[in-house]
Amino acid sequence: MSKAAPKKCQDCPSLMEGVFCDLGDESLNELSTHKITNLYKKGQTLFVEGNPPFGLYCISTGNVKVSKLGSGGRENIVRLAGAGDVLGHRSIFTDQYYSATATALEDTRVCFLDKKYILEKVSKEPSVSKHIMFRLGRDLGASETKIASLSQKSVFERTAELLLLLSASHSEECEDGRKITLKLTREEMASYLGTSSETLIRCLSELKSEEVVGQEGKNIVIKNEEKLVEFANLSY
């Protein structure tokens, strides 16, 4: 993260995973002159629930949690976003205030494009519109799946499901299986699952006793993915 931010969008490490991946050099050069790149330290907010949308946020490196305030001011994490993802797009196109708060989970580099420019870009570049629509649809599907899990599954099943999600999006191979590289606190994991930290810790202990997961430093290691799928009560 200490390396200087790339000035050109062509040099962004997440270009091919982002919404601008199909643009040619001319369009990317224009995009580069309009973006503002910021480095958010762990815990810093990109935008806050209830504020008006000013533009689109593209994550170049790092990870962000998207959360809503529940009763009593309790944080409820509704989404985890990483390199190549965009934030703020729903609010731009619905012209509504931000419905959640985005906070960096680690040092995160983000490029910002103001609302007027991104709306013009979408109207001129069908590929950008297509990729944003894809993400809106994907996010909606993930939200529907999460709502179903919260209402139909036990905390133990939801814990197993979250570990599979993190394994698919934020993990690397290690000696014992797959190590989850995204460093979420137990409180953040519990917030995502809609439960207490104590209940989450009991579920993780049970998974460890079944030798489905292990620990490598502060990282959770998935040792038996097939068994974890079974515990998550998934059909794949």
Side-chain angles (χ1 to χ4, degrees), residues 1-6 11-18 21 37-46 57-67 75-87 101-111 135 138-139 142 145-146 149 156-195 197 200-201 203-208 210-229 231-232 234 236:
M1 190 62 70
S2 60
K3 294 174 66 176
D11 299 324
C12 176
S14 304
L15 173 63
M16 298 315 296
E17 287 77 47
C21 60
T37 304
N38 292 306
L39 176 62
Y40 293 88
K41 294 291 186 180
K42 180 179 179 180
Q44 285 188 314
T45 56
L46 285 70
Y57 297 81
C58 304
I59 303 175
S60 177
T61 58
N63 291 282
V64 173
K65 65 179 178 181
V66 181
S67 60
E75 177 188 66
N76 296 305
I77 297 177
V78 297
R79 179 187 168 204
L80 299 171
D85 285 329
V86 292
L87 299 169
T101 297
T103 308
L105 285 166
E106 59 191 6
D107 289 357
T108 301
R109 184 163 283 130
V110 179
C111 295
R135 278 163 170 74
R138 184 191 63 183
D139 294 345
T145 298
K146 187 178 180 185
S149 293
F156 180 75
E157 291 172 322
R158 300 203 305 269
T159 300
E161 190 172 10
L162 173 59
L163 293 177
L164 287 169
L165 173 68
L166 294 174
S167 175
S169 60
H170 298 86
S171 72
E172 60 185 27
E173 288 188 22
C174 65
E175 185 176 347
D176 294 328
R178 293 203 67 85
K179 179 172 66 176
I180 295 174
T181 55
L182 180 60
K183 291 180 173 60
L184 292 173
T185 66
R186 295 297 181 261
E187 290 77 13
E188 287 169 335
M189 291 179 67
S191 170
Y192 185 90
L193 294 170
T195 189
S197 300
L200 168 70
I201 290 170
C203 291
L204 290 174
S205 296
E206 187 173 344
L207 289 169
K208 288 177 183 176
E210 294 283 348
E211 297 188 346
V212 175
V213 302
Q215 198 83 19
E216 185 177 307
K218 293 184 178 181
N219 299 91
I220 295 174
V221 175
I222 296 177
K223 301 168 68 175
N224 189 334
E225 185 172 310
E226 185 176 340
K227 193 70 174 177
L228 196 60
V229 170
F231 285 152
L234 296 177
Y236 63 86

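Salt-bridge annotation for E188 and K65: present, with a side-chain N of the basic residue lying under 4.0 Å from a carboxylate O of the acidic one.
For the pair Y192/L165, a side-chain contact is recorded, criterion being any heavy-atom separation below 4.5 Å from C-beta on. In this structure the side chain of L163 reaches within 4.5 angstrom of the side chain of M189, judged on heavy atoms. With contacts defined as side-chain heavy-atom distances shorter than 4.5 Å, the pair I77/L184 does not qualify. Taking the side chain as every heavy atom from C-beta outward, E225 and L164 approach each other to under 4.5 Å. Here the side chains of E206 and T159 are not in contact, with every heavy-atom distance at 4.5 Å or above. I59 places none of its side-chain heavy atoms less than 4.5 Å from the side chain of S14.
Pairing each heavy atom of Y57 with each of L46, the nearest pair is OH-O, 3.4 Å. In plain terms, the two heavy atoms of S60 and P13 that are nearest each other are OG-CD, 3.7 Å. The two residues T61 and A83 come nearest to each other via the heavy atoms CA-CB, 4.3 Å. When every heavy atom of F231 is checked against every heavy atom of V212, the shortest pair comes out as CE1-CG2, 3.5 Å. Nearest heavy-atom pair across L105 and V64 is CD1-C, 4.0 Å. T103 and G43 make their closest contact through CG2-O, 3.5 Å (heavy atoms, listed as atom of the first residue, atom of the second, distance).
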List the steps and the verdict of side chain to side chain contact (heavy atoms under 4.5 Å, CB included) for T37 and R109.
CA-CA 7 Å; T37 304; R109 184 163 283 130; 3.6 Å; yes
Take L207 and L228, measure what side chain to side chain contact (heavy atoms under 4.5 Å, CB included) needs, and give me the verdict at the end.
CA-CA 8 Å; L207 289 169; L228 196 60; 4.0 Å; yes
List the steps, then state whether side chain to side chain contact (heavy atoms under 4.5 Å, CB included) holds for D85 with R79.
CA-CA 11 Å; D85 285 329; R79 179 187 168 204; 4.0 Å; yes
Candidate pair Q215 and L204, rule side chain to side chain contact (heavy atoms under 4.5 Å, CB included), full reasoning:
CA-CA 10 Å; Q215 198 83 19; L204 290 174; over 6 Å; no
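Residue Q44 places its CD atom among more than 12 non-hydrogen atoms of other residues, nucleotides or ligands, all under 6.0 Å distant. E75 CD: more than 12 foreign heavy atoms inside a 6.0 Å radius. Surrounding NZ of K208 are more than 12 heavy atoms belonging to other residues, nucleotides or ligands, all under 6.0 Å away.
Interatomic distance, CD of E216 versus NZ of K223, reported as 11.0 Å (0.5 Å rounding). Separation of atoms NZ (K183) and CG (N219) is listed at 4.5 Å; rounding is to 0.5 Å. Considering CD of E106 and OG1 of T181, their distance stands at 8.0 Å, rounded to 0.5 Å. Atom NZ of residue K41 and atom OG1 of residue T108 lie 10.5 Å apart, to the nearest 0.5 angstrom. Here OG of S171 is found 3.5 Å from CZ of R178. Values are rounded to the nearest 0.5 Å. E211 CD to D176 CG: the interatomic distance, rounded to the nearest 0.5 Å, is 10.5 Å.
Looking only at distances, no side-chain donor or acceptor of N38 sits under 3.5 Å from a matching main-chain atom of V110. A donor-acceptor contact shorter than 3.5 Å links the side chain of S149 to the backbone of T145.
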